[in-house]
Amino acid sequence: MGYALKIMNRLYTPEKPLTFSGSGAMIKLADLMVRSGARRPLLVTDSFMLKAGMLDKLQVFLKEEGCEVTIYEGIVPNPTFAVVQEGVDAIRNGNCDAVFAVGGGSAIDAAKVMAAASTSKKPLEKLAGILKVDQPLLPFYVVATTSGTGSEVTTVAVVSDTETHKKTFFVDPKYVPIAAAFDTDLLVSLPPAMTAGTGMDALTHAIESYTSLARTPETERDAATAIRLLVEFLPVAYAKPQDVRAREMVALGSFLAGNAFTRTSLGYVHAISHQISAHYNTAHGLANAVLLPRVLRFNKQVCADRFAALEFMLQGNSTSQETHELAQAFIDRVDTLSAVVGIPAHLEDLQQADFDAIAADALKEARTSYAVPKRMRKEDINTILLSVQSGQPL
Ligand code: NAD
């Protein structure tokens, strides 16, 4: 793990946000924001969710409470610096006194940096990196609508640079919101393909945290619980989008996975997928989902005990199988889950001409940020990229 990140995680134990879940959770969160004194919130979302009426009840509530609301609806998947700057301008023009994000990781991450940049004395670019936030954020609240990134509990925000094809990380304990909501009224509308991709993103967080060399008993517990919830409820949420119990359990699984990985950091699935998304704008969850089984196979030898412990738990702690059999059963389980929720075998956008650049940036990301159980070489990443492009299993 990068030195600065290690120091940050030693010095600060990030607080978990307060959480509300179930039907109407968004309004409970808005009520808390208003009772805490906000009068001119900025709502951060995308035009799809706004037009689909997903914020209607929120707007009615805030109006009844006498709030003067500014709406920023320019969020795009893998948000850019330009998007964040527009939000900061909206905060300044509307004299906003709080930021309330409604959306997936893209809306939440962009809103984190908007809330930081609007109070900072530094220009936006100078907030990139670790522990760069110089002022308290504007009071910041989150309604997480995708159940994948865990951004509602992490110390991280990711912003894409369209010129360099790189994702820029903003890491600081101050990015954890005051409170977060998982509102099943909104979660049920996530389409099956996005439910699958974002749910597999959450599963990746949990597995990469569970196998991280920086794990602690607390992160191990949260990651294992997340895996249990996601393995059981993701197929249900995918097949029955209106099943509110499954939606809530997947959201809580994603939250726990986020709480675990924000303390341990991640691994090669993320190191590679970030570069793929930056090059081809591939949805983050989908890129992770396609990479996950391939990286599990790469780690199979060194992580046999870890995978076996997870499989033992999932089988109800009652099997006499050997470690290597259990480890293989766990990998097979992830393969089956991917297939059940319709994850494709390959990503056709990948171009071989980009492989060297992707591999170099992935190696750098892993070296500087992650406590991985086994180091990859450039050839290992190229082999994985070829397999992802062609669909040939590794
Ligand atoms: P997203 O936020 O990009 O959303 C994807 C799409 O889903 C959007 O078009 C949105 O309109 C739609 N959507 C969201 N909720 C919906 C709902 N309930 N019903 C219908 N449609 C809905 O997707 P994401 O996977 O949540 O976020 C990806 C971003 O998060 C990437 O930029 C990634 O780098 C970042 N990320 C951040 C962290 C972190 O800790 N901060 C961790 C992982 C990923």
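Numbering starts at 1 and runs along the sequence shown. Atoms within a ligand are numbered from 1 in the order they appear, just like the ligands themselves.
In this structure, the protein non-hydrogen atom closest to atom 16 (C) of ligand 1 is L190 CD1, 3.4 Å. Annotation: atom 31 (C) of ligand 1 to nearest protein heavy atom, N78 OD1, 3.5 Å. Summary of contacts: the protein heavy atom closest to atom 42 (C) of ligand 1 is T149 O, 3.4 Å. The nearest protein atom to atom 21 (N) of ligand 1, hydrogens excluded, is given as F48 CE2, 3.5 Å; this is a heavy-atom distance. In this structure, the protein non-hydrogen atom closest to atom 11 (O) of ligand 1 is D46 OD2, 2.5 Å. The nearest heavy-atom contact from the protein to atom 40 (O) of ligand 1 is T154 OG1, 2.7 Å. Atom 15 (N) of ligand 1 has its closest protein heavy atom at T145 OG1, 2.7 Å.
In this structure, H274 has its ring center closer than 6.0 angstrom to the ring center of F169.
No N or O atom of M194 sits closer than 3.5 Å to an N or O atom of ligand 1. Residue contacts with ligand 1: L187 is placed with no nitrogen or oxygen under 3.5 Å of a nitrogen or oxygen of the ligand (distance criterion only). Where the criterion is an N or O separation shorter than 3.5 Å, residue side chain and backbone included, S189 meets it with respect to ligand 1. The shortest N or O to N or O distance between L186 and ligand 1 is below 3.5 Å. The shortest N/O to N/O separation between T146 and ligand 1 falls below 3.5 Å. Taking any N or O of T198, backbone or side chain, none lies under 3.5 Å from an N or O belonging to ligand 1. Checking only distances, H205 never comes within under 3.5 Å of ligand 1, N or O to N or O. Here's the thing with S106: one of its N/O atoms is less than 3.5 angstrom from an N/O atom of ligand 1.
Between the side chains of S151 and D109, at least one donor N or O sits under 3.5 Å from an acceptor N or O. R247 and T195 share a donor-acceptor pair across their side chains, judged by distance under 3.5 Å alone.
Heavy-atom minimum distance, A30 versus L58: CB-CD1, 3.5 Å.
Only the side chain of D109 comes within 4.0 Å of ligand 1, judged by heavy-atom distances.
When each atom of ligand 1 is checked for a heavy atom of P79 under 4.0 Å away, the hits are 32 (O).
E208 CD to L292 CG: the interatomic distance, rounded to the nearest 0.5 Å, is 7.5 Å.
Closest heavy-atom approach to atom 34 (O) of ligand 1 within the set M49, H270, M54, K167: this belongs to K167.
The aromatic rings of F261 and H270 lie parallel to each other, their planes meeting at an angle below 30°, with 60° marking the opposite boundary.
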